[in-house]
Amino acid sequence: GKLSLIGCSNLWVWGLELIDSDKTNRTLVFNTIDGSTGLGTKVINCLIHDCCIGISPPGVFEIYGNIFWNCGKNEVEHDLYLQNATDSRMVIENNIVGNTPGLAMQLYGSMGKLNYFTVKDNTIFGSGILLGGSEPVIDAQILNNDLYHTNSPGGGIGFGWNPATINSNVIMAGNSIVAGLPLSFRSTFWNDFVFTNNMVYSPQWVMVSAPTNLPINFKWNNNDFRSG
């Protein structure tokens with residue numbers, strides 16, 4: 001079964017272990033936790049593993065202190081798949097997330113809004129992360145995360161998705177990003193783009209795209225790029 005938060009607000013899910021005993025038999029995408037547009041929903045200190053999608057759109061407004069692993073059976077099933085159409089901040093903090101054939105975090109929408117995300121102090125391993133979609137990202141904070149991803153399945157590490165979509169006001173600061181594949185940061189996808197005090201390592205190479213027209217309020221400094 002699943003845990004549905006649809007229609008809920010101010011509901012805290014705390015200290016549960018969620019697993020899908022029928023995962024291997026499922027032929028369709030299945031949400032372990034159905035997200036809610038209701039404010040005040042939280043998932044705290046839970047173990048979510050060996051299931052299909054961990055938390056589905058739109059998500060919950062605070063995801064704190066959880067461990068996600070072995071979620072999903074294919075590239076479209078992710079640990080966290082989140083959207084936010086409200087004016088309230090969605091906080092993903094202090095989680096351990098990874099080892100999925102999809103993405104550890106997909107903050108993406110072909111039509112769903114991507115407003116006010118804070119992704120802070122998380123450890124993400126063996127799977128990718130995507131921030132961006134056909135809808136613009138508005139006011140995102142990516143702070144003090146450890147992201148480790150090799151050439152294994154699970155996507156890459158991507159910030160910005162659709163060249164026709166201009167995202168606004170993103171801050172990426174204090175992150176450690178270790179990748180076993182080339183990295184490209186496409187700052188042309190952003191206005192008000194800050195990338196500072198990050199450490200980026202790739203054993204192959206690090207590629208930073210140089211736009212012909214820098215974003216408004218572009219800030220890129222005090223980063224440590226390593227390769228080899």
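Put simply, the side chain of D34 reaches to within 4.5 Å of the side chain of K2, judged on heavy atoms. With a 4.5 Å cut-off on side-chain heavy atoms, E17 and H49 count as touching. Between C46 and V13 the shortest side-chain heavy-atom distance falls below 4.5 Å. Considering only heavy atoms from C-beta on, L47 comes within 4.5 Å of W69 through its side chain. Residues V178 and M199 are in side-chain contact: their nearest non-hydrogen atoms beyond the backbone lie under 4.5 Å apart. Put simply, the side chain of C52 reaches to within 4.5 Å of the side chain of D20, judged on heavy atoms.
Judged by distance alone, with hydrogens and angles left aside, the side-chain atoms of N145 form a donor-acceptor pair with the main-chain N or O of V119 at under 3.5 Å. The closest donor-acceptor contact from the side chain of S56 to the backbone of I33 lies under 3.5 Å. The backbone N or O of M111 lies less than 3.5 Å from no partner atom in the side chain of S134, so there is not a single donor-acceptor pair. Looking at T165, its side chain never comes within 3.5 Å of a backbone N or O of E135 through a donor-acceptor pair. Counting only distance, with no hydrogens or angles, the side chain of T32 and the backbone of I53 share a donor-acceptor pair below 3.5 Å. In this structure a side-chain-to-backbone donor-acceptor pair under 3.5 Å is missing from T123 to I96.
Annotation: the span from E62 atom CD to S88 atom OG amounts to 12.5 Å, rounded to 0.5 Å. Taking CD1 from I6 and OG from S36, the interatomic distance works out to 8.0 Å, rounded to the nearest 0.5 Å. Distance check, rounded to the nearest 0.5 Å: CG of N169 to CG of D139 gives 4.5 Å. Separating the CG atom in N175 from the CG atom in D146 is a distance of 8.0 Å, to the nearest 0.5 Å. To the nearest 0.5 Å, the span separating CG on N70 from OG1 on T100 amounts to 8.0 Å. The line from CE of M105 to CD1 of I124 is 4.0 Å long, rounded to the nearest 0.5 Å.
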(Q) Evaluate N115 against N84 for side chain to side chain donor-acceptor pair (under 3.5 Å), listing each step before the verdict. (A) CA-CA 5 Å; N115 301 338; N84 185 12; 5.8 Å; no
Q | Candidate pair D22 and F30, rule side chain to side chain contact (heavy atoms under 4.5 Å, CB included), full reasoning | A | CA-CA 10 Å; D22 201 33; F30 183 80; over 6 Å; no
Q | S168 vs I138, side chain to side chain contact (heavy atoms under 4.5 Å, CB included): CA-CA, chis, key distance, verdict | A | CA-CA 5 Å; S168 62; I138 298 174; 4.0 Å; yes
Q: List the steps, then state whether side chain to side chain contact (heavy atoms under 4.5 Å, CB included) holds for V29 with V76.
A: CA-CA 8 Å; V29 174; V76 298; 4.1 Å; yes
Q | Verdict with supporting geometry, L80 and N95, side chain to side chain contact (heavy atoms under 4.5 Å, CB included) | A | CA-CA 11 Å; L80 297 170; N95 301 280; 5.6 Å; no
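Using a 30° and 60° split on the angle between ring planes, Y108 and Y81 fall in the tilted class, from 30° to 60°. Ring orientation note: the planes of F195 and F193 are close to parallel, at an angle under 30° on the 30°/60° scale.
Linking ILVMFWY residues whenever their side-chain heavy atoms come closer than 4.5 Å, directly or via other members, leaves W14 and L39 in distinct clusters. Neither I63 nor Y116 shares a network with the other; the hydrophobic side chains, linked directly or stepwise wherever heavy atoms of I, L, V, M, F, W or Y lie under 4.5 Å apart, form separate groups for each. Hydrophobic clustering of Ile, Leu, Val, Met, Phe, Trp and Tyr side chains at less than 4.5 Å, counting indirect connections, unites I55 with L11. L5 and I44 sit in two unconnected hydrophobic clusters of ILVMFWY residues. Membership requires side-chain heavy atoms under 4.5 Å apart, directly or through other members. Put simply, L143 and M90 are part of two different groups of oily side chains (I, L, V, M, F, W, Y) that touch within less than 4.5 Å, one to the next.
Across N167, L114, L107, a single residue satisfies side chain to side chain contact (heavy atoms under 4.5 Å, CB included) together with L131, and that is L107. Put simply, the residue from I129, N223, L147, I142 that forms a side chain to side chain contact (heavy atoms under 4.5 Å, CB included) with I177 is L147.
Other residues, nucleotides and ligands contribute more than 12 heavy atoms inside 6.0 Å of the NZ atom of K23.
Judged by the 6.0 Å and 45° rule, K42 forms no cation-pi pair with Y64.
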